[in-house]
Amino acid sequence: LQLVESGGGLVQFGGSLRLSCTASGFTLSTYAIGWFRQAPGKEREGVSCISMTDDSTYYTDSVKGRFTIFRDNAKNTVYLEMNNLKPEDAGVYYCAAQWTTDVQFMCIGTDGMDYWGKGTQVTVTS
């Protein structure tokens with residue numbers, strides 16, 4: 001049972017990336033899924049989470065209007081579309097799965113996740 005992230009890379013300021021989080025061994029749609037990031041020397045923080053029930057979403061303030069989280073259940077994948085990227089968006093991006101209906105609670109902490117991926121690096125050059 002695992003989550004695998006992909007889609008990270010090097011992008012210029014103002015550019016875009018689409019991250020993917022794919023599950024193997026379990027059905028992603030039965031969990032709330034979150035994207036978290038960790039910059040060097042900083043704590044891991046929640047970026048965006050999507051509900052397992054009604055696809056309600058949560059975004060941290062710094063990415064609202066620029067990032068979009070969405071599911072493709074047929075591909076057992078959750079995506080994070082990131083536009084207008086800034087240097088402060090850089091870091092290792094992890095996806096996580098949690099059996100919860102409260103996406104805001106999931107995103108404001110990092111404890112209690114059922115599964116974590118190993119992360120994908122995002123670098124933004126100015």
Side-chain angles (χ1 to χ4, degrees):
L1 302 178
Q2 61 178 349
L3 293 171
V4 178
E5 303 94 337
S6 62
L10 177 67
V11 65
Q12 288 187 331
F13 179 91
S16 298
L17 285 173
R18 177 180 288 187
L19 306 183
S20 301
C21 172
T22 302
S24 62
F26 68 101
T27 302
L28 215 55
S29 62
T30 60
Y31 288 83
I33 303 298
W35 283 97
F36 299 78
R37 67 187 177 193
Q38 188 165 19
K42 295 187 176 181
E43 292 186 353
R44 193 172 298 188
E45 63 170 348
V47 176
S48 180
C49 295
I50 186 167
S51 169
M52 66 179 179
T53 54
D54 60 1
D55 280 353
S56 58
T57 56
Y58 172 88
Y59 297 91
T60 193
D61 286 345
S62 63
V63 308
K64 286 179 180 177
R66 300 188 297 122
F67 290 12
T68 304
I69 188 170
F70 60 99
R71 295 179 178 270
D72 184 337
N73 290 335
K75 295 182 178 180
N76 212 24
T77 299
V78 169
Y79 300 93
L80 185 69
E81 183 78 29
M82 306 187 296
N83 297 314
N84 192 21
L85 282 160
K86 304 175 181 181
E88 53 263 40
D89 294 318
V92 179
Y93 280 70
Y94 302 88
C95 68
Q98 188 178 40
W99 200 84
T100 180
T101 58
D102 191 334
V103 289
Q104 180 172 345
F105 181 79
M106 178 184 184
C107 250
I108 63 175
T110 57
D111 295 333
M113 304 301 162
D114 295 291
Y115 304 103
W116 281 101
K118 293 184 178 181
T120 185
Q121 178 73 48
V122 172
T123 304
V124 184
T125 59
S126 58

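Please read all numbers here as calculations on a predicted model, not as lab measurements.
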W99 to T30 - nearest heavy-atom pair and separation: CD1-O, 3.3 Å

Quick check: closest heavy atoms across R66 and D89, and the distance to 0.1 Å? NH1-OD2, 2.7 Å

Could you pull out every donor-acceptor pair under 3.5 Å between side chains of residues 5-19 and any protein atom, sequence neighbours left out?
unit_1: E5; atom_1: OE1; unit_2: K118; atom_2: N; d: 3.1
unit_1: E5; atom_1: OE1; unit_2: G119; atom_2: N; d: 2.8
unit_1: E5; atom_1: OE2; unit_2: C95; atom_2: N; d: 2.9
unit_1: E5; atom_1: OE2; unit_2: G119; atom_2: N; d: 3.2
unit_1: S16; atom_1: OG; unit_2: N83; atom_2: OD1; d: 2.8
unit_1: R18; atom_1: NE; unit_2: E81; atom_2: OE1; d: 2.5
unit_1: R18; atom_1: NH2; unit_2: E81; atom_2: OE1; d: 3.0

Please give the remaining members of the hydrophobic cluster of Y58, linking ILVMFWY side chains under 4.5 Å, ordered by chain and number. V103, I108

Kindly give the cluster partners of Y94, where membership spreads through any ILVMFWY side chain lying under 4.5 Å from a current member.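 Its cluster partners, ordered by chain and number, are F36, V92, M106, M113, W116.
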
Between V47 and M82, is any pair of side-chain heavy atoms under 4.5 Å apart?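 No. Closest side-chain heavy atoms not under 4.5 Å.
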
M52 versus T101: any side-chain heavy-atom pair under 4.5 Å? yes

Roughly how far, to the nearest 0.5 Å, is the [atom2] atom of [Y] from the [atom1] atom of [X]?
X	Y	atom1	atom2	result
N76	S24	CG	OG	8.5 Å
F67	W35	CZ	CH2	11.0 Å
L28	C21	CG	SG	5.5 Å
R37	T60	CZ	OG1	7.0 Å
I33	C49	CD1	SG	9.0 Å
S48	Y93	OG	OH	10.5 Å

Are V4 and L1 grouped together when hydrophobic residues (ILVMFWY) are joined by side-chain heavy atoms under 4.5 angstrom apart?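 Not linked; separate clusters.
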
Is it the case that the side chain of D55 and the backbone of R71 share a donor-acceptor pair, with hydrogens and angles ignored and the cut-off at 3.5 Å?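 No; judged by distance alone, with no hydrogens or angles, the pair does not exist.
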
Donor-acceptor pair, side chain of T27 and main chain of S29, under 3.5 angstrom: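 No; judged by distance alone, with no hydrogens or angles, the pair does not exist.
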
For K42, check salt bridge (charged side-chain N to carboxylate O under 4.0 Å, His left out) against everything at least two apart and list the hits. none

Taking only Lys NZ, Arg NE, NH1 and NH2, and the carboxylate oxygens of Asp or Glu, determine whether D61 and K64 approach each other closer than 4.0 Å.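 Yes.
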
Stepwise, does the side chain to side chain donor-acceptor pair (under 3.5 Å) test hold for T100 with D102? CA-CA 6 Å; T100 180; D102 191 334; 5.9 Å; no

Within the supplied structure, the quantity of interest is the number of heavy atoms (other residues, nucleotides, ligands) at a distance under 6.0 Å from F26 CZ; does it exceed 12?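 For F26, atom CZ is crowded (more than 12 foreign heavy atoms under 6.0 Å).
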
With sequence neighbours left out, write down each residue that passes side chain to side chain contact (heavy atoms under 4.5 Å, CB included) with K75, or none if nothing qualifies.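 Counting only residues at least two positions away or on another chain, K75 forms a side chain to side chain contact (heavy atoms under 4.5 Å, CB included) with D72, T77, Y79.
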
Could you list the residues that satisfy side chain to side chain contact (heavy atoms under 4.5 Å, CB included) with T57, not counting sequence neighbours?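 Once residues adjacent in sequence are excluded, the partners of T57 under the side chain to side chain contact (heavy atoms under 4.5 Å, CB included) criterion are I50, Y59, I69.
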
